[in-house]
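Here the structure is laid out as structure tokens; the discussion comes afterwards.
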Number of protein chains: 2
Amino acid sequence: MDVHADTRAELTGDELVKLLDALSNPQRVRIVASLANGRNYVSQLARDLRMSRPLLHLHLQKLEAAGVVSSVLELSNDGKAMRYFEVTPFVLELSPESIARAARTLSEKKEDE
Amino acid sequence: MDVHADTRAELTGDELVKLLDALSNPQRVRIVASLANGRNYVSQLARDLRMSRPLLHLHLQKLEAAGVVSSVLELSNDGKAMRYFEVTPFVLELSPESIARAARTLSEKKEDE
DNA sequence: TCCATATGTCAGAATATCCTGACATATGTC
DNA sequence: GACATATGTCAGGATATTCTGACATATGGA
């Protein structure tokens, strides 16, 4: 995603849709909210959110694909491999105008009037 | 929705999810983009966007339920009933922080750490 | 009356999403 | 070795979303 303030101008239509799609789910909103308090690894996050690990894994994949979160694999003191997730900082202004601009870069399909 | 600048502070979690859900679809993004250029009635919009009318009707329902668009039924000069749709003006700032705040007002489900 | 326009809605197919319950691997400790 | 932790993935069911085609209504004009 990389909407990191001044890092880039604006998202493409496809990127925007993908981002909104990732965030248009209560579970994923809870995940992002939890990670906004600090990074965490999958199993612990699953316990915190009372969510099955495979399901959480699925949601995290979608969030990561949309660029909302990122992850790194680290080794703990006792040698366990742990994947830490953290939120990508971003600020996005959503309005009919910004949506209209994004729509111009939507792939596939026909154009309009 | 009513995120009309100073009209209200912030959306609830459920409202936000509903809004993002309505906007997380390429077809609906195209619809909003088209209506941002000015209001239009259903049949004409369907032709403009090369979309079947029942399908457009479905998308408009979802957009209207989320508060993104609104509609009025008007009588044309030749007496035809026409439903005009227009976009609701709104500005929404989307960021991990705003999402975290919205998450606190999500209904159902358990809370987290 | 017949044809064009507009409106709305329903049934069902085709997909996509969401979720659980297994299964697999690897490491360190008892 | 058995048990705890961590990781990942797959199969399949339950739902939800997306879309088309057909049907219904109503109005005005030829």
Side-chain angles (χ1 to χ4, degrees), chain A residues 14 17-32 35 39-66 68-86 106-110, chain B residues 14 17-32 35 39-66 68-86 106-110:
Chain A
D14 294 330
V17 167
K18 198 171 183 179
L19 172 63
L20 298 185
D21 187 50
L23 296 174
S24 65
N25 175 288
Q27 303 279 54
R28 287 192 289 270
V29 164
R30 291 172 61 221
I31 294 170
V32 171
L35 291 177
R39 63 177 220 156
N40 204 352
Y41 63 97
V42 187
S43 291
Q44 185 56 47
L45 188 55
R47 284 189 291 267
D48 290 347
L49 299 176
R50 278 72 170 264
M51 193 180 298
S52 81
R53 200 171 47 77
L55 177 56
L56 175 61
H57 191 267
L58 200 77
H59 285 313
L60 285 171
Q61 276 188 323
K62 195 156 194 171
L63 287 170
E64 191 163 30
V68 181
V69 303
S70 62
S71 68
V72 280
L73 197 61
E74 291 184 11
L75 280 309
S76 65
N77 294 328
D78 59 343
K80 305 251 171 55
M82 319 177 62
R83 181 168 297 278
Y84 278 90
F85 276 89
E86 65 180 1
L106 271 177
S107 62
E108 37 142 23
K109 307 300 150 79
K110 318 87 185 173
Chain B
D14 295 329
V17 168
K18 197 171 184 178
L19 173 64
L20 298 184
D21 186 50
L23 296 174
S24 64
N25 177 289
Q27 303 279 52
R28 286 193 289 272
V29 164
R30 289 173 62 223
I31 294 170
V32 171
L35 291 177
R39 62 177 221 156
N40 205 351
Y41 63 99
V42 188
S43 291
Q44 185 56 47
L45 188 55
R47 284 189 292 268
D48 291 346
L49 300 175
R50 278 76 171 259
M51 192 180 299
S52 80
R53 201 171 45 77
L55 178 57
L56 174 60
H57 191 267
L58 198 78
H59 285 313
L60 285 171
Q61 278 188 322
K62 195 156 194 170
L63 287 170
E64 189 163 32
V68 181
V69 303
S70 61
S71 68
V72 280
L73 197 62
E74 291 183 12
L75 280 310
S76 66
N77 293 330
D78 58 343
K80 305 252 170 55
M82 320 180 57
R83 180 167 298 278
Y84 278 90
F85 276 87
E86 64 181 2
L106 272 177
S107 62
E108 38 144 21
K109 307 301 152 74
K110 318 86 184 171

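The model shown is predicted, which means the values in this text are computed figures rather than measured ones. Below, chain A is the first sequence line, B the second, and so on; all start at residue 1.
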To the nearest angstrom, how far is [X] atom [atom1] from [N] atom [atom2]?
X: Gln44(B); N: dA6(C); atom1: CD; atom2: P; value: 7 Å
X: Met82(B); N: dT25(D); atom1: CE; atom2: P; value: 22 Å
X: His59(B); N: dT18(D); atom1: NE2; atom2: P; value: 6 Å
X: Asn77(B); N: dG29(D); atom1: CG; atom2: P; value: 11 Å
X: Arg30(B); N: dT18(D); atom1: CZ; atom2: P; value: 14 Å
X: Leu23(A); N: dT17(C); atom1: CG; atom2: P; value: 15 Å
X: Leu73(A); N: dT25(C); atom1: CG; atom2: C1'; value: 13 Å
X: Asp21(B); N: dA16(C); atom1: CG; atom2: C1'; value: 13 Å

Counting only side-chain nitrogens and oxygens, does [X] get under 4.0 Å of the OP1 or OP2 atom of [N]?
X: Arg47(B); N: dT5(C); answer: no
X: Arg83(A); N: dG8(D); answer: yes
X: Tyr41(B); N: dT7(C); answer: no
X: Asn25(B); N: dT18(D); answer: yes
X: Ser52(A); N: dT20(C); answer: yes
X: Gln27(A); N: dC19(C); answer: yes
X: Arg53(B); N: dA6(C); answer: no
X: Lys80(A); N: dT29(C); answer: no

Check Leu106(A) against Pro26(B) and note the closest heavy-atom contact, atom names and distance.
CD1-O, 3.6 Å
Which atoms form the tightest heavy-atom contact between Leu63(B) and Ala22(B), and what is the distance?
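Distance-wise, the nearest heavy atoms are CD2-O, 3.8 Å.
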Closest to side chain of Gln61(B), choosing from dT9(C), dT7(C), dC10(D)
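Nearest listed nucleotide: dT9(C).
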Among dA6(D), dT18(D), dT20(D), the nucleotide that comes nearest once only the side chain of Arg28(B) is considered
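Ranking dA6(D), dT18(D), dT20(D) by closest atom to the Arg28(B) side chain puts dT18(D) first.
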Base, sugar-phosphate alone, or nothing: which one does His57(A) contact when heavy atoms must sit under 4.0 Å apart?
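The answer is base, as His57(A) lies within the cut-off (heavy atoms under 4.0 Å) of a base atom.
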Taking any heavy-atom pair under 4.0 Å as a contact, classify Leu58(A): base, sugar-phosphate, or nothing.
base
Pick the closest DNA chain C nucleotide for Val42(B) and for Pro54(A) by heavy atoms, then say which residue is nearer the 5' end.
Val42(B)
Find out whether Asn40(B) and Phe85(B) are in side-chain contact, i.e. whether some heavy atom of one side chain is under 4.5 Å from a heavy atom of the other.
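The answer is no, as the side chains (C-beta and beyond) never meet within the 4.5 Å cut-off.
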Before accepting this row, confirm whether a basic side-chain N of the pair Glu74(B)/Arg39(B) lies closer than 4.0 Å to the acidic partner's carboxylate O.
yes
For dA6(D), give the paired nucleotide (Watson-Crick: N1-N3 plus N6-O4 or O6-N4; G-U: N1-O2 and O6-N3; both under 3.5 Å), or none.
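In the structure as shown, dA6(D) has dT25(C) as its Watson-Crick or wobble partner.
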Decide whether Glu64(A) and Ser70(A) meet the rule of one side-chain donor and one side-chain acceptor closer than 3.5 Å.
no
CG of Asp21(A) to CG of Asp21(B), rounded to nearest 0.5 Å, is 8.0 Å
